[in-house]
4 protein chains.
Amino acid sequence: MARKPTASASATSEVESKSARTRQRILDAAAHVLSVKGFAGTRLSDVAEFAQLQAPAIYYYFSSREDLIEEVMFCGISDMRSHLQEALDALPDGTSPLDRIMTAVEAHLRHELELSDYATASIRNSGQIPEHLRSRERKESAAYGRIWQRLFDDAAADGEMRADLDPRIVQGLVLGALNWAAEWWDPRRGSLDSIVANAQGLVRSGITPVAAASARRKRAPRAST
Amino acid sequence: MARKPTASASATSEVESKSARTRQRILDAAAHVLSVKGFAGTRLSDVAEFAQLQAPAIYYYFSSREDLIEEVMFCGISDMRSHLQEALDALPDGTSPLDRIMTAVEAHLRHELELSDYATASIRNSGQIPEHLRSRERKESAAYGRIWQRLFDDAAADGEMRADLDPRIVQGLVLGALNWAAEWWDPRRGSLDSIVANAQGLVRSGITPVAAASARRKRAPRAST
Amino acid sequence: MARKPTASASATSEVESKSARTRQRILDAAAHVLSVKGFAGTRLSDVAEFAQLQAPAIYYYFSSREDLIEEVMFCGISDMRSHLQEALDALPDGTSPLDRIMTAVEAHLRHELELSDYATASIRNSGQIPEHLRSRERKESAAYGRIWQRLFDDAAADGEMRADLDPRIVQGLVLGALNWAAEWWDPRRGSLDSIVANAQGLVRSGITPVAAASARRKRAPRAST
Amino acid sequence: MARKPTASASATSEVESKSARTRQRILDAAAHVLSVKGFAGTRLSDVAEFAQLQAPAIYYYFSSREDLIEEVMFCGISDMRSHLQEALDALPDGTSPLDRIMTAVEAHLRHELELSDYATASIRNSGQIPEHLRSRERKESAAYGRIWQRLFDDAAADGEMRADLDPRIVQGLVLGALNWAAEWWDPRRGSLDSIVANAQGLVRSGITPVAAASARRKRAPRAST
DNA sequence: GATGAATGAGCATTCATTCAT
DNA sequence: GATGAATGAATGCTCATTCAT
C-alpha cells in the first residue's frame, strides 16, 4: 500500500504488472519534483523526465496534472498516518502516554526523513495547493492530527504534561519541529538516530512535569522500523 | 521595522515619497502572494492586483519578477535578523544564555506571526527558489543562523543545556517548531502570548539539565536504533 | 529647410528658437535610430536617449511615433531631391546629358554618405514602412525618380547611351549601386572622392556607346560641395 | 537549391519527412516576413500565419525567434554562395576573368530575384540584426565577398579592368547594383533576362579598358538557367 | 517645456493537454 | 502503451502613449 520513492519493496504486492510499475514510477517522480519545486513549479515534463518517459504518457495513468498531484499529496499523508498507526499499535498495552509520544516522534521523523519525497511533498505543499485538490488529503490530515491530539490529551490527563502547557499548542510546536527537520537535516552530517534521540529528549523533558520526570522513566519503547 | 527600498535602512519610515510607498505596496503584495502561492505560483498579475495597480507598473520599480522576489526573500530574513538582534541587544549584560534563548524565541515568534508575510514567504520558499536569487538571502540567513548557534553554544558551555543534546540539532528542532507556527497558528483561536509562553516553556525545560531544572532529571532514554 | 544630422548649418534659418532646435534634435535622433534599427526596431526611448531627453517629451513636438517617422522619411528623400536639383540647376546650359548624369551621381553619393542618417533611413526603410506613412514620401520619391529618368532618357535620345541598354533598368541598377554604398563604404578605408570617381567612371563607360567612349571623355565636372 | 534543416546539405530534397517539410515551411515563411518587415518587425504570429500553423508550434522546430531568424539569415547567404560557386565551377577552364564576372552577375541576379525571400531577407537585414545572431552568417558573407574579390582582382591582373578603377570599390558598387534590384524589379514589367543582360552589359563595358572594349567583345557567355 | 508615474495593447515564450499513429 | 506533433491558454515583459505636476 505504501508508495515508496526509493527501492524498498512493499510487502503486499511483490510482483506488480509492468503497467503498475510505470504508474508507480510516475508517482514517485511527481513526489520528488513536487517536494523540490512546489505545486506551481511542478511541470509534467520534469516529472516525465524523472520517470524516464514522455510527458503525454502520464495521461495514460492519470487523467490530469491535478489528479496526479492530488494523489501524491494523499499518499504522502496517508502513508504517514498508517506508518504512525502501525508503530503505535505495535506498542504493548499499558504503554504510558509519554512513551507513546516518544514512539510517535520517532515514527514521524523516520518516515519523513527516510522516505522523504512523499512526506515532504505533502508537508511543504499543504499550504500552496488549491482547495479542491485537498479533500482526500484534508481528511487524512485531520485524522493524522487526531492521533497526535489523543496522544497529548492522554499525556495531559495522566499528569505527564505540565499544567502550564496547552496540549494543542504543544502539538503544533512539536509537529513543526519534526516537519521542519526535512528542511535542514543532512544525512551526511549527522545520523538519523541522533536526530531522533535529540527530538525525543527535547520533547520528553520539554513536556514532563518536574516531579514526574524523575519519578518514572523506564525506557523508551522500540518503535517500528 | 521598515523594509528598505534597496538595502539602506531608512530609520524613520514616517514621510516617504508616494513613489516609495507604491514600491512598498508592491513588495508587501509580493510577500503575501509568495507566502501563499510559492515561488513558481507567484504571478505578477496577482501581485499587481493585491497592490492595486496594473502588472506592468511593477516594472517601473523592479527590473524583473525575479528581482522583486529576490528582494522579498532578502527583506524577510534581513528584517527578522535585525529584529532578533535588537531584542538581544536590549537585554541587560549578564543575562544568562538560557534567558537569552527565551528572548530569541519570543522575538522570532512575534516577528513571524505579526508580520507573517515576509517571514513565511522567506521560510516557505527557501527551498524552491533558484540558487541565483539567493545570494543576498543566503548570507543573511547564515548570519541569522549564527546568532542562534551562539545562543545554544553559550548555553551548552554554561552548563544550561543537557549534555546528551547536540546544540546544532536542537537548534534545528527549535527553529523548526517556531517557523512552522505560521502554518497552523490561527490568531482567532489562541493569543500570541500563549503560543510564546508555551514555546518558551517547552524549550526551556526541554533543554535544561535535570539538576538545574528542578534538582533532578537524569538523562534522556536512548530510543531507537 | 534641410534637416541635417551633423552640425552643418542650413543657410536659411541661422538662429532658430530653442524649441525648434529641440525638435530638430529629435528628428536627427530619429533618423539615426531609424537608419540603424529599421522601422519596427525604432523605439521612442532610443530616440529620446539619443536626443538627450525623456521619451514623453517627444510628444510635445510630434503627435505620435508614426508621425515622427513619417517626417524623417519625407525629409530624407525630400532633402535628397532638392540637393540633386540644386546641383543640376547649377550646371551651365548645354551640359551634355552624360555629364549631367555624372553630376547626379556625385550629388547622390555625397548627400547619402555625408549626411547619411536621413538618406539611409529613407533608403533602407522604404520597403518596411506601412503604406499609410508613405504618401508624402512616395510623392517625393517619384519626383526624385523622374529627375533621374529624364537624365537617362536624354542620354539615350542624344545617343550617349548604347542601344542595347534599357534606360529604366539602367536607372535601377545605377541608383542601386549608389544607394547600397551606405552599406559598405567605410570613410576610414577610402576617401569619398575615390568612391565618387569610381562610380562616375563605371557609369560613364558602362553607358556610353563604344565609339563615343574612346572618342570623347573630357573630365568629370566637379559638382557642388 | 535545398535549404538545409541544420547545415547538412541534403542533396536530394525529394522525399522529406512531414516534419522536415513543416520545418521548411516555417523557414520559408520567416524568410518572407523578414524580408518585408525587417528584423524587429518580424512577429512569430505573422510567420505562423504564413506557414499555416499556430505560433507556439514554431517552438517545436526552433528554440527561439532569434534562432529561427539566425537560420534564415545563414541560409540566405549560404545558398547564395553555393549557387554562385556552382555556376563558376561549371565554367570551362580558361574562361577569362571578365567572362567569369558576367557569369557571377547572372548567378547573383537570378538567385536573388527568383528565390528572393531568403536573399532579400539576408540583404536587407544585415545591418539590423544583433551581432550575436550573425556569427555564422558573417562567415558565409565574408566567404561570398572573397569570391567576388578574386574575380575583380583577376580581372585587374589580366588587364581586363581599367587602371583608374579600384577593384574593391567597383566590387561594392556592382554588388550594390545587383542587391538593390530586389527593391525595384517587378517581374511583371520586365523579364529577368533583360535585367540580366543590362547588368552584364553595364558591368562589362563599365569595367573594360577602352582599347580592349572596342577590340574584342565576342559574346557574353550564357551561364546557368 | 519637460518629467515621473502609470496603463493598455501586444509579443515571445511556456506548458498542460490532445490526437493520430 | 507510448510518442511526435500541434494547440490554446496563460504569463512575463516591452513599449507607445497619457496625464498630473
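Letters go in sequence order (proteins before strands), and every chain restarts at 1.
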Taking the side chain as everything from C-beta on, heavy atoms only, tell me whether C:Y61 gets closer than 4.5 Å to C:L27.
no

May I ask you to evaluate whether [X] reaches the phosphate of [N], defined as a side-chain N or O under 4.0 Å from OP1 or OP2?
X: D:Y60; N: F:dA5; answer: yes
X: A:S64; N: E:dA16; answer: no
X: B:T22; N: E:dA6; answer: yes
X: B:S19; N: E:dA5; answer: yes

With the side chain defined as heavy atoms from C-beta on, B:R65 is closest, among F:dA16, E:dG1, F:dG12, to F:dG12

If pairing means Watson-Crick or G-U wobble with both distances under 3.5 Å, then the partner of F:dT21 is E:dA2

Hey, can you pull the donor-acceptor pairs under 3.5 Å for the side chains in residues 32-42 of chain A, sequence neighbours left out?
residue: A:H32; atom: ND1; partner: A:D117; partner atom: OD2; Å: 3.3
residue: A:S35; atom: OG; partner: A:A31; partner atom: O; Å: 3.4
residue: A:S35; atom: OG; partner: A:H32; partner atom: O; Å: 2.8
residue: A:T42; atom: OG1; partner: A:G38; partner atom: O; Å: 2.7

Quiz item: Which part of the nucleic acid does A:T42 contact within heavy-atom distance under 4.0 Å: base, sugar-phosphate only, or nothing?
Solution: sugar-phosphate

5'-most contact on DNA chain F (nearest-nucleotide basis), B:E66 vs D:K18, goes to D:K18

Using atom types as modelled, flag every donor-acceptor pair under 3.5 Å from a side chain in residues 48-57 of chain D to any protein atom, sequence neighbours excluded.
none

Specify the separation, in whole Å, of atom [atom1] of [X] and atom [atom2] of [N].
X: B:Y59; N: F:dG12; atom1: OH; atom2: C1'; answer: 4 Å
X: D:L44; N: F:dT11; atom1: CG; atom2: P; answer: 20 Å
X: C:F39; N: F:dC15; atom1: CZ; atom2: C1'; answer: 13 Å
X: C:I26; N: E:dA2; atom1: CD1; atom2: C1'; answer: 11 Å
X: A:I58; N: F:dG4; atom1: CD1; atom2: P; answer: 14 Å
X: B:R43; N: E:dT14; atom1: CZ; atom2: P; answer: 18 Å
X: C:F62; N: F:dT17; atom1: CZ; atom2: P; answer: 13 Å
X: B:Q54; N: F:dG12; atom1: CD; atom2: P; answer: 14 Å

So CE of B:M73 and CG of B:L68: to nearest 0.5 Å the spacing works out to 12.0 Å

dist B:C75:SG -> B:E70:CD (nearest 0.5 Å) comes out at 8.5 Å

Of B:A55 and C:Q52, the one whose closest nucleotide on DNA chain E sits nearer the 5' end is C:Q52

Comparing C:L53 with D:P56, nearest DNA chain E nucleotide closer to 5' gives the residue C:L53

